[in-house]
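So the structure is just underneath, and the comments pick up after that.
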Number of protein chains: 2
Amino acid sequence: MSYGAARYEQIVAKLEAAGHRITPQRLCIVEALLASDRHPSAEEIFAQVRLISPTTSLATIYKTLDTLKSLGEVLEVESWDNRTHFDGLRPSPHPHIVCTGCGRIDDIDLQGVSALQSEAERVSGFKVDEQRLEFYGRCLKCQETTAANMA
Amino acid sequence: MSYGAARYEQIVAKLEAAGHRITPQRLCIVEALLASDRHPSAEEIFAQVRLISPTTSLATIYKTLDTLKSLGEVLEVESWDNRTHFDGLRPSPHPHIVCTGCGRIDDIDLQGVSALQSEAERVSGFKVDEQRLEFYGRCLKCQETTAANMA
DNA sequence: GTGGGTGCAAAGGATTTGCACCTCC
DNA sequence: GGAGGTGCAAATCCTTTGCACCCAC
């Protein structure tokens with residue numbers, strides 16, 4: 001977790017700076033949040049945390065994620081499964097692409113995004129301060145699987 | 001409801017063509033769905049339908065919206081309020097812009113969308129077949145309100 | 001006549017909340 | 001020591017489901 005390590009420190013520092021206590025549960029949750037780039041759900045973070053801290057409750061997961069959200073250190077991503085997924089690695093809004101086959105969620109960087117947002121503001125007269133850009137489709141692996149099944 | 005009238009006939013025809021029965025409840029729901037371009041929630045459609053057909057249940061609303069969804073005649077839009085909103089006027093995927101002040105949801109047409117989707121496919125290797133593009137901000141009216149409050 | 005549709009009530013599932021206890025600072 | 005955090009259980013909220021009755025075709 002080389003990329004994650006710096007990010008981990010960053011989040012912990014932000015918690016402290018905001019006057020929040022550093023508890024073992026929170027450290028565990030932050031670690032679980034950063035452990036994968038697949039954007040875990042609360043339930044997945046819970047399962048991960050439980051391995052190390054077996055008494056932690058799901059309520060605490062949600063409360064901590066809420067705290068991190070309000071600090072701007074975590075981003076919510078809507079997935080395909082009616083569950084909220086969380087992105088702690090890249091907390092600023094950015095597009096995601098969700099595989100409807102295997103459920104993986106990838107970050108993507110798109111040049112066109114800021115232009116699109118400006119266009120949205122111009123067309124609507126709104127002042128935009130948040131965006132949710134999600135694409136749904138099949139990842140490379142799942143495209144192969146489908147192709148194989150069809151053969 | 002000049003625009004709505006044609007669309008209304010179109011949806012009813014689609015229901016019939018698919019072998020679904022035309023019931024007074026369904027007609028009422030379709031009408032309520034098209035009555036506003038503000039993308040009603042199930043609850044809002046329910047309230048509207050109740051005015052004319054007071055025994056209709058919320059379950060029927062959901063079932064009918066499900067049917068229309070499966071016929072491709074209605075689009076789901078995620079709003080700010082954790083409720084699903086419905087777009088029966090323009091059932092093909094398109095961007096929306098949600099006002100975080102008053103909750104209104106507007107359709108917008110953006111030139112850049114298809115380019116963005118191509119870019120997403122190129123960058124990720126995914127085959128995209130659905131998109132959700134939503135901007136959140138303040139509509140003109142709510143910008144004024146905020147400005148007034150600050151003065 | 002009959003199979004799909006309706007309406008009630010109850011279930012479902014993700015998320016939240018209340019509250020007594022605990023622990024980090 | 002005390003405010004903030006935790007964990008349990010219960011509550012909430014939107015949405016779905018089961019099932020007996022009904023009505024559009």
Side-chain angles (χ1 to χ4, degrees), chain A residues 11-33 39-47 49-71 73-86 103, chain B residues 11-33 39-47 49-71 73-86 103:
Chain A
I11 294 178
V12 174
K14 190 75 167 267
L15 275 170
E16 282 185 310
H20 292 287
R21 291 188 189 161
I22 308 304
T23 65
Q25 290 92 332
R26 282 184 172 164
L27 294 177
C28 232
I29 291 167
V30 172
E31 197 162 332
L33 176 66
H39 308 78
S41 64
E43 201 74 46
E44 284 160 354
I45 293 172
F46 179 56
V49 167
R50 279 284 199 169
L51 298 175
I52 291 148
S53 170
T55 65
T56 299
S57 71
L58 193 50
T60 297
I61 308 287
Y62 278 109
K63 284 169 186 165
T64 297
L65 288 170
D66 242 30
T67 303
L68 294 174
K69 233 187 302 172
S70 71
L71 295 176
E73 292 300 313
V74 111
L75 198 69
E76 293 192 343
V77 187
E78 296 305 319
S79 180
W80 198 244
D81 58 1
N82 290 321
R83 270 172 239 170
T84 303
H85 290 244
F86 298 90
Chain B
I11 294 179
V12 174
K14 190 75 167 269
L15 275 170
E16 282 184 310
H20 292 289
R21 292 186 188 163
I22 307 306
T23 65
Q25 290 91 333
R26 283 184 172 163
L27 294 177
C28 233
I29 291 168
V30 172
E31 197 162 332
L33 175 67
H39 308 79
S41 64
E43 201 75 45
E44 284 159 354
I45 294 171
F46 179 56
V49 167
R50 278 285 200 168
L51 297 177
I52 292 148
S53 168
T55 65
T56 299
S57 71
L58 194 49
T60 297
I61 308 289
Y62 278 109
K63 284 169 186 165
T64 297
L65 287 169
D66 241 30
T67 303
L68 294 175
K69 232 188 302 172
S70 70
L71 294 176
E73 292 300 313
V74 112
L75 197 69
E76 293 192 343
V77 187
E78 295 306 319
S79 179
W80 197 244
D81 59 1
N82 290 320
R83 270 172 240 171
T84 304
H85 290 243
F86 298 90

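Keep in mind that what you see is a predicted model, and the values were worked out from it rather than measured. Quick note: numbers below take in every heavy atom, side chains included, and nothing from hydrogens, waters or symmetry partners. Every chain is numbered from 1 and lettered A, B, ... according to where its sequence line falls, protein lines coming before strand lines.
- Rounding to whole angstrom units, CD of residue A:Glu16 and P of D:dG4 are separated by 16 Å.
- D:dT6 atom P lies 5 Å from atom CZ of A:Arg26, rounded to whole Å.
- Side-chain atoms of A:Thr64 do not come within 3.5 Å of backbone N or O of A:Ile61 as any donor-acceptor pair.
- Side-chain N or O atoms of B:His85 include one that pairs as donor or acceptor with a backbone N or O of B:His39 at under 3.5 Å.
- Using a 4.0 Å heavy-atom distance criterion, A:Thr84 is classed as a sugar-phosphate-only contact.
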Could you please spell out the steps behind the side chain to side chain contact (heavy atoms under 4.5 Å, CB included) verdict for A:Leu71 and A:Ile11? CA-CA 9 Å; A:Leu71 295 176; A:Ile11 294 178; over 6 Å; no

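- Counting to the nearest Å, the P atom of D:dA24 and the CD atom of B:Gln25 are 8 Å from each other.
- Atom CG in B:Leu65 sits about 10 Å away from atom P in D:dT15, given to the nearest Å.
- Between B:Arg21 and A:Tyr62, it is B:Arg21 whose nearest contact on DNA chain C lies nearer the 5' terminus.
- For the pair B:Asp66 and B:Lys63, the salt-bridge criterion is not met [side-chain N within less than 4.0 Å of a carboxylate O].
- Rounded to an integer number of Å, the gap from B:His20 NE2 to D:dC25 P is 13 Å.
- Taking atom CG on A:Asp66 and atom P on D:dG4, their separation rounds to 17 Å, with Å as the unit.
- First and last contacting nucleotides of DNA chain C toward chain A (any atom under 4.0 angstrom from a heavy atom, 5' to 3' order): C:dA14 to C:dC25.
- The shortest heavy-atom contact between A:Leu58 and A:Ala42 is CD1-O, 4.0 Å.
- Contact annotation for A:Thr56: backbone-only contact, meaning every heavy-atom pair under 4.0 Å involves sugar-phosphate atoms and none involves a base.
- Look at NZ on A:Lys63: it is 8 Å from P on D:dT6, rounded to the nearest Å.
- Scanning all heavy atoms of the two residues, the minimum distance from A:Val74 to A:Leu65 falls at CG1-O, 4.0 Å.
- Look at CG on B:Asp81: it is 15 Å from C1' on D:dT12, rounded to the nearest Å.
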